[in-house]
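We name chains A, B, ... by the order of the sequence lines, and we start the count at 1 in each one. Given the structure is predicted, the values throughout are model-derived calculations rather than measurements.
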There are 2 protein chains.
Amino acid sequence: MDEAKRKKLEDKGWKVGTVSEFLDLTPEETTLIEIKLALSRNLKERRQKSMTQTELADKLYSSQPRVAKAENGDASVSIELLIRAMLATGATPQEIGQVIAQVG
Amino acid sequence: MDEAKRKKLEDKGWKVGTVSEFLDLTPEETTLIEIKLALSRNLKERRQKSMTQTELADKLYSSQPRVAKAENGDASVSIELLIRAMLATGATPQEIGQVIAQVG
DNA sequence: GTCTCTTATATCATATCTGATATATTAGTA
DNA sequence: TACTAATATATCAGATATGATATAAGAGAC
């Protein structure tokens, strides 16, 4: 993994290389993170078209700060919440599936 | 939601109608559950083709009972674990995306 | 400059998910 | 029948994700 990308992930809380400086992520771990980041980016795009973070948070029964974290790819946000958020913006399973399928 | 389906979900731990007998699931909640169940079913299919639950659990750094729960649509299993399990069976983001896209 | 709206960051108690363990059940074979 | 492999169910302590809250920072209007 190149250094710039690694730095960016670590800033968001991803413990890349925590176990060992020399132990890299497995392909599966990398793909999982990429799926999360793809969902994050798409969520932000979708949400910005129609509402504020606060409005989305209300639909989600969540909070504005949590939506901000979701959109910024924070490691504390699960795929579960990302998908719930996508659905709350009106995304269909088809659209969500496509975002994931585009990864890789 | 029809009664047979509801019973099946409740047996798996889904708190359908917990808040109130008269308060049904929102479409988003229903879709989320359907996504989970679709991933569960697909995981079981994929895994059975090539390995035992114990073998998959090892690849996942998880346990056989947890894989069983994942494959049986237990409510205690997150989408996160379902996707990690799919990846561990060798599924690509394309395949995972397709499973989700087929929901609805 | 100040307001106002929106988004980002930090902290935290609680809820949920986790893998581990023990054990039960099922399916197949000798 | 007994034996074995595979799967299912139950429980639980520890880890992770959660929404809430407070507050800071950014962007735009005035």
Side-chain angles (χ1 to χ4, degrees), chain A residues 8-16 18-19 26 28-29 32-33 35-37 39-89, chain B residues 7-16 18-19 26 28-29 32-33 35-37 39-41 43-89:
Chain A
K8 219 170 170 184
L9 287 176
E10 286 185 343
D11 286 349
K12 291 177 178 177
W14 298 102
K15 291 177 194 153
V16 178
T18 291
V19 176
T26 65
E28 289 79 15
E29 289 170 330
L32 189 68
I33 293 179
I35 287 174
K36 284 191 177 193
L37 295 179
L39 288 170
S40 281
R41 284 191 296 270
N42 199 267
L43 171 63
K44 187 166 199 166
E45 271 181 34
R46 288 189 59 86
R47 194 271 309 163
Q48 285 179 331
K49 287 181 183 163
S50 55
M51 61 187 118
T52 66
Q53 290 183 347
T54 301
E55 287 168 337
L56 175 55
D58 288 347
K59 292 194 184 212
L60 265 179
Y61 305 103
S62 181
S63 59
Q64 176 270 321
R66 193 128 275 271
V67 171
K69 285 176 190 300
E71 291 185 353
N72 285 302
D74 190 284
S76 80
V77 175
S78 70
I79 290 188
E80 189 105 5
L81 182 61
L82 289 169
I83 291 182
R84 284 208 296 122
M86 292 278 285
L87 291 172
T89 68
Chain B
K7 179 68 171 53
K8 220 170 168 184
L9 287 176
E10 286 184 345
D11 285 348
K12 292 179 177 176
W14 298 102
K15 292 177 194 152
V16 179
T18 291
V19 177
T26 65
E28 289 79 15
E29 289 170 330
L32 189 69
I33 293 178
I35 287 174
K36 285 189 176 193
L37 295 180
L39 289 170
S40 280
R41 284 190 297 268
L43 170 64
K44 188 167 198 165
E45 272 181 34
R46 289 188 57 85
R47 193 270 310 164
Q48 285 178 330
K49 286 180 185 164
S50 55
M51 60 187 120
T52 66
Q53 289 183 347
T54 300
E55 287 168 337
L56 176 54
D58 288 347
K59 293 194 184 215
L60 264 179
Y61 304 104
S62 181
S63 58
Q64 176 270 320
R66 192 128 278 269
V67 171
K69 284 176 191 297
E71 291 185 355
N72 285 303
D74 190 283
S76 80
V77 175
S78 71
I79 290 188
E80 190 103 5
L81 183 61
L82 289 169
I83 291 182
R84 283 208 296 123
M86 292 277 286
L87 291 172
T89 67

Euclidean distance, atom CD of residue A/Q53 to atom P of C/dT9 [Å, nearest integer]: 10 Å
B/K59, NZ atom: more than 12 neighbouring heavy atoms under 6.0 Å: no
Touch class at under 4.0 angstrom, heavy-atom based, for B/S63 against every strand present: base
Length of the line joining B/K36:NZ and C/dT16:P, which is rounded to integer Å: 12 Å
Out of C/dA8, D/dT7, C/dT18, whichever nucleotide has its closest atom nearest the side chain of B/R66: C/dT18
Whole-Å gap separating P (D/dG19) and NZ (A/K59): 17 Å
Length of the line joining A/D74:CG and C/dA8:P, which is rounded to integer Å: 11 Å
Touch class at under 4.0 angstrom, heavy-atom based, for A/V67 against every strand present: nothing
Interatomic distance, B/Q48 CD vs D/dA8 C1' [rounded to whole Å]: 14 Å
Upstream residue (5' side of DNA chain C) when A/R47 and B/L82 are each assigned their closest nucleotide: A/R47
Pair A/R66, A/S76: side-chain N/O donor-acceptor within cut-off below 3.5 Å: yes
A/S62 vs D/dG19: side-chain N/O to OP1/OP2 distance below 4.0 Å: yes
Rounded interatomic separation in angstrom, taking CG from B/D11 and P from D/dA10: 10 Å
Sugar-phosphate, base or nothing in reach of A/Q64, heavy atoms under 4.0 Å: base
N/O donor-acceptor pair under 3.5 Å between B/W14 side chain and B/D74 backbone: no
Distance below 4.0 Å between B/S78 side-chain N/O and C/dT18 OP1 or OP2: yes
Nearest listed nucleotide, side chain of B/P65, among C/dA8, D/dA10, D/dT7: D/dA10
side-chain contact (heavy atoms from CB on, under 4.5 Å) assessment of A/S78 paired with A/L81: CA-CA 5 Å; A/S78 70; A/L81 182 61; 3.9 Å; yes
Touch class at under 4.0 angstrom, heavy-atom based, for A/K12 against every strand present: nothing
For atom CG of B/N72 and atom P of D/dT9, their distance in whole Å: 6 Å
A/M51 CE to C/dT7 P, straight-line distance once rounded to whole Å: 11 Å
Of A/I79 and B/E71, the one whose closest DNA chain D nucleotide lies more 5': B/E71
A/L81 side chain, from C-beta outward: closest of D/dT9, C/dG19, D/dT18: D/dT18
Expected output: side-chain A/N72 to main-chain A/A68 donor-acceptor under 3.5 Å: yes
Proximal nucleotide (of D/dA10, C/dT7, D/dT18) relative to the B/K69 side chain: D/dA10
